[in-house]
Amino acid sequence: MADRPLPKTNEADTRAFWEATRDSRLTYQKCSDCGTVVFYPRRHCTGCLGRNLVWEESAGCGSVYTYSVVRQSYHPFFRDKVPYAVAWIDLDEGPRLLSNVVGVDDPVSDIRIGMRVAVTWEEHDDLCIPLFEPDED
Amino acid sequence: MTQKRDAAIVGIHEYPSRDVEGQVSALQIKAESAARALDDAGLSWSDVDALYDAGEGGGLGGLNMAEYFGLKPNVIDTTNVGGSSYEYHAAHAKRDITAGKARVALLTYGSTAHSRVQAIGVGGGGFGGAHPADNMDVFAGATLVANYAMVAQRHMHQFGTTSEQLAEISVATRCHAMRNPEAVQAMHDLEFLDIRETTVADVAGSRMIADPLHLLECCMISDGGGAVVIAAPEVARDCTKIPVWLLGTGEATAYPENGRDITVSAAAQSAPGAFDEAGVSPDEMDIAMIYDSFSITVLTILEDLGFCAKGEGGSWVEGGRLRFDRPDAGPALNTDGGGLSSNHPGMRGIFLLIEAARQLRGESCSQVADAKLAVAHGNGGMLGSRHCAGTIVMGRD
């Protein structure tokens with residue numbers, strides 16, 4: 001059984017993001033000079049010329065901006081997972097990230113755009129992977 | 001506005017085979033295509049003084065290609081923006097020729113993606129590598145098809161677009177492919193099933209690959225390549241074929257941003273400048289060569305180029321508007337059969353220039369009578385995340 005492809009934990013810009021996931025913390029950067037939310041993580045601000053980015057923690061709640069259900073993949077891990085849902089998630093704090101929507105009976109019928117979701121963590125040796133599940137009453 | 005005629009396509013060649021069975025390399029496809037395109041123009045290797053190359057042949061891109069071809073160019077441009085590279089190359093060739101830095105520019109492409117069994121669309125996530133953006137996405141298993149499918153899903157949500165409307169793109173393109181012997185041969189060589197003209201029901205009823213995109217909304221993976229020769233006016237006048245003028249060019253980039261509207265592509269930025277420079281409007285286009293990696297790519301870009309308003313693409317394409325034999329309805333789309341049904345070795349942008357030039361010369365298999373104006377629009381990277389757009393407006397005398 002192949003493993004999920006995992007991020008590199010020593011990549012310069014994203015290292016701190018993945019380090020925080022070990023403690024189930026979903027983080028993003030905000031410029032303390034101009035207020036720009038920077039995501040994916042970088043060392044410089046994309047809004048001003050500064051480098052005074054501070055790490056903020058997301059509550060892990062957001063909504064599905066858009067999604068697709070993958071029916072066919074040749075990837076050694078994902079080919080056994082079809083059908084599965086990939087989605088762009090808009091976190092309430094602003095960042096938009098790519099992830100999977102899990103915890104539904106049938107991804108084809110049980111996911112919709114605008115659906116409220118919350119982070120759920122998949123544990124690995126050196127990091128945790130942020131996945132999302134429905135968070136609606 | 002005065003329409004300028006600073007540079008023209010004078011030579012074209014599309015490598016005829018889509019399955020080289022591992023017997024020909026990408027470099028050999030590039031060199032053979034270059035020779036045939038130069039011959040088409042009535043020029044030779046020694047006339048080339050500018051080389052444009054996306055680096056798909058390996059090595060140090062332009063340096064290695066110059067040696068391989070046996071050229072000593074004054075200009076080398078190795079822009080690689082995926083499938084839109086060739087629209088960028090054409091724009092840069094026009095710029096360099098206009099500036100007096102070059103007289104004859106050579107663009108080439110070669111790929112053996114099919115022979116190498118490269119699973120581009122359903123292989124995995126993104127383009128891999130150590131870029132921080134990829135390092136954030138790698139775990140999700142978003143296939144390339146799924147990346148585009150997420151644009152379609154959002155387009156449907158915002159505007160009520162249907163699978164049947166998206167299918168119109170595939171139907172028109174297949175109609176044109178069936179009239180192109182090389183496209184028909186390609187579909188045989190790539191073992192397409194039930195090769196014939198399709199209906200909206202065929203496309204919308206085909207197997208789902210990544211919701212909401214069906215099999216017949218996805219391009220093929222072929223071998224192939226081609227070449228384009230672009231020349232200054234004083235050279236073009238003495239070439240074998242009529243000049244196909246590059247009237248206007250535009251380039252733009254888009255990528256994931258917090259709050260961004262994913263249904264708007266970079267074409268919305270690249271197109272206005274290209275049409276302005278050409279002094280023409282989208283509704284004057286006889287031909288629209290638009291990168292058809294998937295049905296949604298074309299629908300989105302038709303809107304962004306200005307053929308119709310954002311969100312109205314679905315109803316606009318209904319009723320076969322894009323067929324070559326309805327010239328009064330709208331532009332003829334991808335009259336070679338497109339990436340969906342003729343040729344997609346990974347970076348299709350060069351074929352957009354080639355078929356647009358064929359139409360303006362009167363050489364297409366699905367010829368639009370008296371075609372005078374064409375737009376070629378390349379999309380490189382991935383429509384649902386980071387991508388580049390290159391718009392080229394072309395015309396003949």
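Chain naming here is simple, since letters A, B, ... match the order of the sequence lines and numbering starts at 1 in each.
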Segment of B:R207 engaging chain A (4.5 angstrom heavy-atom cut-off): side chain
CH2 (A:W88) and CG (B:D137) are apart, to the nearest 0.5 Å, by 5.0 Å
Chain B heavy atoms under 4.5 Å from A:A12: which part of the residue, side chain, backbone, both or neither? neither
For chain A, the option from B:A133, B:A149, B:P256 that forms the most heavy-atom pairs under 4.5 Å: B:A133
Looking only at heavy atoms, which two atoms of A:F78 and B:F139 are closest? And how far apart? CZ-O, 3.2 Å
Heavy-atom count around B:R116 CZ within 6.0 Å, excluding the residue itself: above 12? yes
Calculate, to the nearest 0.5 Å, the distance between atoms OG1 and NE2 belonging to A:T66 and B:H157 respectively. 8.5 Å
Interchain contact, A:Y65 with chain B, by part (heavy-atom threshold 4.5 Å): both
Once you round to the nearest 0.5 Å, how far does CD1 of B:I209 lie from CD of A:Q72? 4.5 Å
Side chain, backbone, both or neither: which part of A:L131 has an atom under 4.5 Å from a heavy atom of chain B? side chain
If you compare all heavy atoms of A:L6 against all heavy atoms of B:V138, which two are closest, and at what distance to 0.1 Å? C-CG1, 3.9 Å
Enter the distance from A:K8:NZ to B:H131:NE2 here, rounded to the nearest 0.5 Å. 12.5 Å
Flag the one option from A:G114, A:G94, A:A85 with the top tally of heavy-atom pairs under 4.5 Å to chain B. A:G94
Can you name the nearest heavy-atom pair linking A:I113 to B:R154, along with the distance? CG2-NH1, 3.2 Å
With side chain to side chain contact (heavy atoms under 4.5 Å, CB included) as the criterion, how do B:M150 and A:L98 come out once you've worked through the C-alpha distance, each side chain's angles and the decisive distance to 0.1 Å? CA-CA 11 Å; B:M150 287 193 281; A:L98 188 70; 3.6 Å; yes
Going through the checks in order, is the side chain to side chain contact (heavy atoms under 4.5 Å, CB included) test met by A:F39 and B:E257? CA-CA 8 Å; A:F39 194 86; B:E257 293 178 281; over 6 Å; no
Are the side chains of A:L97 and B:M136 in contact, using a 4.5 Å heavy-atom criterion? no
For A:D105, I'd like to know if atom CG has over 12 heavy atoms of other residues, nucleotides or ligands within 6.0 Å. no
Can you measure from CG (B:D134) to CD (A:E11) and round to the nearest 0.5 angstrom? 9.5 Å
Give, as side chain, backbone, both or neither, the part of A:I129 having an atom under 4.5 angstrom from any heavy atom of chain B. side chain
Using modelled atom types and a 3.5 Å cut-off, is there a donor and acceptor pairing between side-chain atoms of A:N100 and backbone atoms of B:A140? yes
Is the CZ atom of A:R51 crowded by more than 12 outside heavy atoms at less than 6.0 Å? no
With a sphere of 6.0 Å drawn around CD of A:E136, does it hold more than 12 non-hydrogen atoms of other residues, nucleotides or ligands? yes
I need the B:N258 CG to A:L91 CG distance, nearest 0.5 Å. 8.5 Å
Exercise: do B:D211 and A:S68 side chains pair donor with acceptor under 3.5 Å: no
Checking heavy atoms, do the side chain of B:I262, its backbone, both or neither come under 4.5 Å from chain A? both
When you measure from the side chain of A:Y84 to the backbone N and O of B:G141, does any donor-acceptor pair fall under 3.5 Å? yes
